[in-house]
Every structure is written in structure tokens, then in C-alpha cells.
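Note sheet for the following structure.
Worth knowing before you read on, the calculation uses all heavy atoms, side chains too, and leaves out hydrogens, waters and symmetry mates.
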Amino acid sequence: QSYVCQVHFTSSLKMARLSVLIALGVLDCVGAARVDIQDESMLHQGPELPWRQGKTTSWLAREQLGRCIHPELPSEDPTWLADLQAAAKAVPRPLAAWAQSYGRDLNRKVMGYPVGQYLPQHRAVGLTSDRNEAELAPNMDYPISKCHEFDYNPKPGTIPDPHGCGLFRNSFSRLQALRTCIVDSLEGSDGFQVAAKGRGKKQQQDRWPGSAVWLRYRKAAKAIRNARKNGSRATDNPGRLTQEDLDSNVVSDTLLLEDFQACVISGTCVILDAYRRADEMIKYLSFKDWNWTSTDLKRWVAVKVRYTASVYKEVESAGMLGYFGLASPKVSKNLGLEDEVVERIVSECFQVSADSFETSPPPQELITLQRSLVCNPLMFDTIEVPGAPEPPLVNGAGMWDASLKSKGVELDVGTLTSTPPVCARAAAALAAWPQVHAKHGYSVGSCLMDEHLLWEDCAGAAYFNCICLEKCWRSALKLVCELAPGPPNAPGGLDACCGDWQKL
């Protein structure tokens with residue numbers, strides 16, 4: 001069992017203060033999934049890499065970084081490595097954007113007592129320093145990321161790519177189409193487009209009205225968002241639904257209000273827009289590779305599609321045993337999307353049209369799409385380990401949520417002005433998996449003492465938190481430098497992914 005906790009705090013001597021002891025006592029945690037590498041033989045597959053690292057690191061290079069560059073190719077195919085090296089060397093200098101990490105003060109109060117001064121900053125990883133800050137579309141809570149709006153159809157190298165999206169076109173283009181398909185399924189579309197066979201291709205469908213259940217939820221969620229005062233909140237997760245939100249009295253839907261009240265009591269709900277809801281579906285379906293021989297694969301995918309952190313419903317009371325803490329209620333995390341909406345998302349968007357592939361192999365395009373799912377966080381401008389109740393990883397745009405008192409600021413140690421975004425995304429591919437699947441889950445005190453972590457500790461991470469992610473990402477940049485160092489006689493020395501080698 002692994003955990004995502006509401007606050008991140010230090011294990012330094014300041015913990016002895018009463019305020020931090022109080023914080024320890026009231027932490028709320030929620031489970032997050034993880035996956036083990038089940039087939040040990042997988043660790044030995046693939047090309048020889050230019051480093052002396054362990055089996056897990058080589059597996060990460062092939063099955064995370066390699067598959068995000070070429071999800072359509074088998075893991076042992078080394079094409080991805082040459083493409084990474086070529087893409088890193090081709091980046092124009094000086095850089096238009098670079099790798100950049102951020103910190104944000106938590107300004108937390110526990111039982112009315114300020115403890116923010118004793119807490120380290122919440123951290124996030126910027127995969128491009130030139131993050132989108134454009135005005136939001138009417139149906140979005142945060143700006144869209146650069147790689148979600150990138151055009152993957154032109155021939156590689158024929159259009160500017162300052163944010164490092166093009167190298168990953170074979171996974172990103174599929175994820176872009178998948179995300180659009182899910183959003184249109186929820187919100188409706190005059191000309192519904194679904195992913196079709198082949199990278200970047202789409203197929204036109206008749207007008208789709210969207211989900212009445214989702215639109216009803218979204219109307220209430222948007223009203224709550226709009227009622228929040230700018231600069232008024234101090235929280236590790238600005239998406240979390242709170243009693244303060246309900247006290248604004250902007251939700252008139254009685255049934256939804258009951259669900260929201262249950263959410264606040266349990267502390268396990270966040271407010272989502274359709275884009276973040278799509279990312280949530282992709283995340284839950286990317287925790288592990290699918291079992292193609294399962295007799296109920298399609299039903300399993302549908303269950304993951306329905307599961308959401310945006311709702312909490314007690315469907316069966318814990319009774320008297322619950323009163324004494326000896327039992328828990330039976331809970332549903334199902335918003336109640338219509339069957340036809342779920343069917344469309346499963347069969348058209350995720351392309352799982354058959355109940356099972358037990359007797360015949362799945363289509364190659366479906367296999368490629370499934371292999372691409374784990375790459376979704378690499379498309380964000382910023383990624384982070386969020387506060388409860390969301391499991392990692394999520395879009396880090398919430399670092400600049402308008403309602404926050406303290407917003408993200410650049411970390412000097414993570415200001416890497418000579419490291420292009422393509423290298424930042426490659427490093428994130430290596431660093432993310434060990435964090436998401438850390439053996440013992442969330443830890444309050446991990447990764448706090450040393451600013452620079454050894455990669456072997458990151459590759460075999462026992463615990464995760466937002467600080468571990470940021471530090472391990474910088475550690476992974478060293479490995480990416482070894483993979484794509486650039487020509488030794490380049491102006492200024494090594495370039496490609498090694499421009500900030502000494503700072504790392």
C-alpha cells in the first residue's frame with residue numbers, strides 16, 4: 001500500500017516544535033497504486049547503453065524512455081537511442097526554453113496554528129520553462145500544455161519545436177487524439193473526432209451530445225471554482241474540495257451537494273475539468289501493462305474509466321463497528337457516467353472494442369496506444385506529486401492556481417538554462433516510474449537532507465514525495481547527458497543534454 005499525503009514536511013530538528021508534532025498527528029493519507037516488475041527476464045532485454053548502471057535503470061531506459069519515443073517498436077529495438085541523440089543535438093542555441101523546477105510555500109495551518117514556516121516548499125518539475133499561461137478556455141481550469149497543442153503531422157524537423165515535443169510524436173500524437181476523444185465524449189462535440197488506425201489520424205463521427213451527468217457535475221464544479229477568491233487559499237492541492245467551497249452556497253443541485261458534503265467529510269475529492277478527468281482515466285489505465293488474455297479486459301477498462309477522485313459516495317454504512325473504528329463504509333468512486341458514454345470512451349477512444357483478446361491477438365494499434373499511456377505526464381509543461389487525494393503524477397499547472405496565496409517560483413538549483421526541454425522530458429521518463437511505484441509508498445521525511453541524490457537511490461526508490469520527484473529528475477538528467485552528450489568540440493564544450501552538467 002502506498003500513500004499520497006496532504007502535507008510535505010521536514011525531518012529536521014524543527015520537527016521537535018509543537019506545531020510540527022501537531023501536524024504529524026493530523027495528516028490525512030489516501031492509497032495510491034504501484035506496480036512491480038513482474039518478469040525479471042525483461043530487465044535483461046534491449047541494447048547495451050553507454051553507462052554502467054543496474055538492471056532496473058536499463059529497463060527504465062527501454063520500457064519508459066524508449067517506449068515513449070517509439071511505442072510502436074519492440075523494447076529491444078535501439079532506434080530510440082539514436083533518435084534521442086539526434087534530437088538533443090539538433091536543438092537551436094541559445095535555447096528558447098529550458099528545464100526548470102519550481103517551489104511553492106505551503107503556508108499551512110494545523111488546528112489554527114501556523115506551521116508553514118517549518119515545512120519545506122512543495123516542488124514541481126518544469127519540462128519547459130516557457131509554460132503556457134494563456135487565458136483559459138471556458139471549459140478549462142488550467143491552460144493547455146505545449147505538447148498538447150503541438151502539431152505532430154508535419155515531417156519531423158520542418159516546424160519549430162522549442163519545447164521538445166517532436167521526439168515523442170509516436171506516443172504524444174496518440175495521446176493527444178485520445179485526450180481530445182475523451183473530452184469530447186464528456187462535453188459533447190458538433191463533429192466528434194476519434195482516434196483511428198495510424199499515428200495522428202482521426203475519423204469523423206456524427207454530432208455527440210456529451211454526458212448529461214458530467215455536464216451537471218461540471219456546472220457545479222465550475223461554480224465552486226469561480227466563487228474562490230484570488231490569493232485566498234493555503235493548500236498543497238488547490239483542486240481539493242473543502243468546506244469553505246460549500247460555505248460559498250453556489251451549488252444548488254441538492255443531490256450533488258450531498259455528494260460534495262460526503263467528499264468534504266472524507267477529504268477525498270478534487271474538482272476536475274474534462275481535460276484533467278481525461279488525464280485521470282489515462283493515469284489509472286497506465287499503472288501497469290494490460291493483460292491481453294484476460295477474459296474481461298473490456299470490463300476492466302470500463303471500471304478504470306468510471307473510477308474518479310471527483311466523487312465520494314457511501315453505498316453501505318459501516319454501522320456500529322464503524323463508530324468504534326472497527327469497520328469502514330463501502331464507498332463508490334463512480335460519478336455515474338451513462339453506459340453509452342463509457343462505452344464510447346472504452347471502444348472509440350481507448351479502442352478496446354472486443355470483450356477479450358483471449359483467442360486472438362489485439363490490433364497492433366491498440367497495443368501501441370496502450371504502451372503510450374504511461375507517457376502522458378511527459379506531455380505536461382509541469383509535473384508534480386500532488387497532495388491528497390490524487391495519486392501521482394499530475395499536471396503541475398495547479399502550482400499557479402489563482403486561488404493560492406503562494407504560487408510557484410523558480411528554484412535556483414533547478415534553473416537549468418542550458419538543458420533543452422527534450423532532455424527534461426527524457427529525464428522525466430526515467431525518474432517518474434520509480435516514484436509512482438515506490439515500494440513503500442509516500443514518506444513525509446524522504447529526500448529532505450541532501451539536495452543532490454544518487455541515481456541508484458532514485459531508481460530503487462522505497463518512498464516517494466514531491467521533493468523526491470524533483471531531485472530524482474535532476475539526477476536522471478545526468479543519465480540523459482550520458483545518453484546524449486553532444487560533440488566534445490561544440491562551442492562552449494559538451495552541449496545536447498549536458499549543458500548544465502556541472503550544476504547537476
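Nearest heavy-atom pair across Ala431 and Pro434 is O-CD, 3.4 Å. Among all heavy-atom pairs drawn from Ser372 and Leu175, the shortest one is O-CD1, 3.4 Å. Residues Ser266 and Thr268 approach most closely at OG-OG1, 2.7 Å, considering heavy atoms. When every heavy atom of Glu338 is checked against every heavy atom of Val213, the shortest pair comes out as OE2-N, 3.1 Å. In this structure, Ser356 and Ser294 approach most closely via the heavy-atom pair OG-O, 2.7 Å. Between Thr158 and Pro154, the closest heavy-atom pair is OG1-CB, 3.5 Å.
Between Asp184 and Arg179, no side-chain nitrogen of the basic residue sits less than 4.0 Å from a carboxylate oxygen of the acidic one, so the salt-bridge criterion is not met. A salt bridge links Arg218 with Asp141: at least one charged nitrogen is closer than 4.0 Å to a carboxylate oxygen. Ion pairing between Lys298 and Glu343 holds under the 4.0 Å rule for side-chain N and carboxylate O. Comment: Glu390 engages Arg276 in a salt bridge, judged by a side-chain N to carboxylate O separation of less than 4.0 angstrom. With salt bridges taken as basic N to acidic carboxylate O contacts below 4.0 Å, one links Asp289 and Arg67. Look at Glu280 and Lys283 and you find no salt bridge, because none of the NZ, NE, NH1 or NH2 atoms lies under 4.0 Å from a carboxylate O.
Remark: SG of Cys458 is found under 2.5 Å from SG of Cys472.
Once rounded to the nearest 0.5 Å, the distance linking CD of Gln364 with CD1 of Ile367 reads 4.5 Å. Separating the OG atom in Ser185 from the CD1 atom in Ile345 is a distance of 5.0 Å, to the nearest 0.5 Å. Between atom OG of residue Ser252 and atom CG of residue Leu257 there is a gap of 9.0 Å, rounded to the nearest 0.5 Å. Rounding to the nearest 0.5 Å gives a distance of 7.0 Å between CG of Leu335 and CZ of Arg277. The line from OG1 of Thr308 to CG of Asn334 is 9.0 Å long, rounded to the nearest 0.5 Å. Residue Glu470 holds its CD atom at 10.5 Å from CD1 of Ile383, rounded to the nearest 0.5 Å.
The six-membered or imidazole ring of Phe380 lies near that of His148, with a centre-to-centre distance under 6.0 Å.
With hydrogens and angles ignored, the 3.5 Å screen pairs a side-chain donor or acceptor of Gln176 with a backbone N or O of Phe150. In terms of modelled atom types and a separation under 3.5 Å, the side chain of Ser360 and the main chain of Phe357 share no donor-acceptor contact. Proximity of a side-chain donor or acceptor of Trp214 to a complementary backbone N or O of Leu186 within less than 3.5 Å is not detected. Judged by distance alone, with hydrogens and angles left aside, the side-chain atoms of Tyr217 form no donor-acceptor pair with the main-chain N or O of Ala212 at under 3.5 Å. Side-chain N or O atoms of Lys333 include one that pairs as donor or acceptor with a backbone N or O of Val311 at under 3.5 Å.
Evaluation of the disulfide (SG to SG under 2.5 Å) test over residues 207-236, restricted to residues two or more places apart or in two chains, returns none. Each disulfide (SG to SG under 2.5 Å) pair with one or both residues in residues 370-400, not counting sequence neighbours, appears once here: Cys68-Cys375. Residue pairs meeting the salt bridge (charged side-chain N to carboxylate O under 4.0 Å, His left out) criterion with at least one partner in residues 366-389, sequence neighbours excluded, are Glu63-Arg371. Legend: disulfide (SG to SG under 2.5 Å) pairs involving residues 255-313, not counting sequence neighbours, sorted by first then second residue: Cys263-Cys269.
Just one residue in the list Asp245, Asp273, Asp401 forms a side chain to side chain donor-acceptor pair (under 3.5 Å) with Arg225, and that residue is Asp401. Here the rule is ring pair (Phe, Tyr, Trp, His ring centres under 6.0 Å) with Trp433, and of Phe287, Trp473, Trp59 only Trp59 fits it.
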Original post:
Yes or no on side chain to side chain contact (heavy atoms under 4.5 Å, CB included) for Trp80 and Leu73, after CA distance, side-chain angles and deciding distance?
Top reply: CA-CA 9 Å; Trp80 64 268; Leu73 297 179; over 6 Å; no
**OP:** For Arg169 and Asp151, run salt bridge (charged side-chain N to carboxylate O under 4.0 Å, His left out): C-alpha distance rounded to whole Å, both residues' side-chain angles, the deciding distance at 0.1 Å, then the answer.
**Re:** CA-CA 9 Å; Arg169 67 180 57 249; Asp151 186 357; over 6 Å; no
**OP:** For side chain to side chain contact (heavy atoms under 4.5 Å, CB included), just list the numbers for Asp83 and Leu167, CA-CA rounded to whole Å, side-chain angles, deciding distance to a tenth of an Å, and then say yes or no.
**Re:** CA-CA 7 Å; Asp83 287 352; Leu167 172 66; 3.9 Å; yes
Subject >> Leu241 vs Ile224, side chain to side chain contact (heavy atoms under 4.5 Å, CB included): CA-CA, chis, key distance, verdict >> reply: CA-CA 9 Å; Leu241 187 66; Ile224 290 174; 3.7 Å; yes
Original post:
side chain to side chain contact (heavy atoms under 4.5 Å, CB included) between Lys407 and Leu404: does it pass, once the steps are laid out?
Top reply: CA-CA 6 Å; Lys407 298 175 176 62; Leu404 290 173; 4.3 Å; yes
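In the model, Asn395 has no side-chain atom that pairs as donor or acceptor with a side-chain atom of Asp279 under 3.5 Å. In summary, the side chains of Arg240 and Thr235 do present a donor paired with an acceptor at a separation below 3.5 Å, with no hydrogens or angles considered. No donor-acceptor contact under 3.5 angstrom links the side chains of His70 and Asp77, judged on distance only. With hydrogens and angles left out, the side-chain atoms of Asn465 and Gln435 include no donor and acceptor closer than 3.5 Å. Glu358 and Thr295 are not linked by any side-chain donor-acceptor pair at a separation below 3.5 angstrom, with hydrogens and angles left out of the test. Side-chain contact check for Ser232 and Asn230: no donor-acceptor pair (N or O, by modelled atom type) lies under 3.5 Å.
For Asp296, the salt bridge (Lys or Arg N to Asp or Glu O under 4.0 Å) criterion is met by Arg299, not counting sequence neighbours. Taking the salt bridge (Lys or Arg N to Asp or Glu O under 4.0 Å) definition, one finds that Lys304 meets it with nothing, sequence neighbours left out.
Between Glu365 and Arg174, the closest side-chain pair of non-hydrogen atoms falls below 4.5 Å. In this structure, the side chains of Trp300 and Val305 stay at 4.5 Å or more apart for every pair of heavy atoms. A heavy-atom distance below 4.5 Å is not found between the side chains of Met379 and Arg425. Two residues are said to be in side-chain contact when any heavy atoms from C-beta on lie closer than 4.5 Å; Tyr312 and Pro389 fail this criterion. When side chains are defined from C-beta on, Trp290 counts as touching Leu297, because their heavy atoms get closer than 4.5 Å. Residues Arg104 and Trp400 fail the side-chain proximity criterion, which asks for heavy atoms closer than 4.5 Å. Using a 4.5 Å heavy-atom cutoff, the side chains of Tyr442 and Tyr463 are not in contact. When side chains are defined from C-beta on, Glu340 does not count as touching Ser211, because their heavy atoms never get closer than 4.5 Å.
In this structure, Phe172 and Tyr152 have perpendicular ring planes: the angle between them is above 60°, well past the 30° mark.
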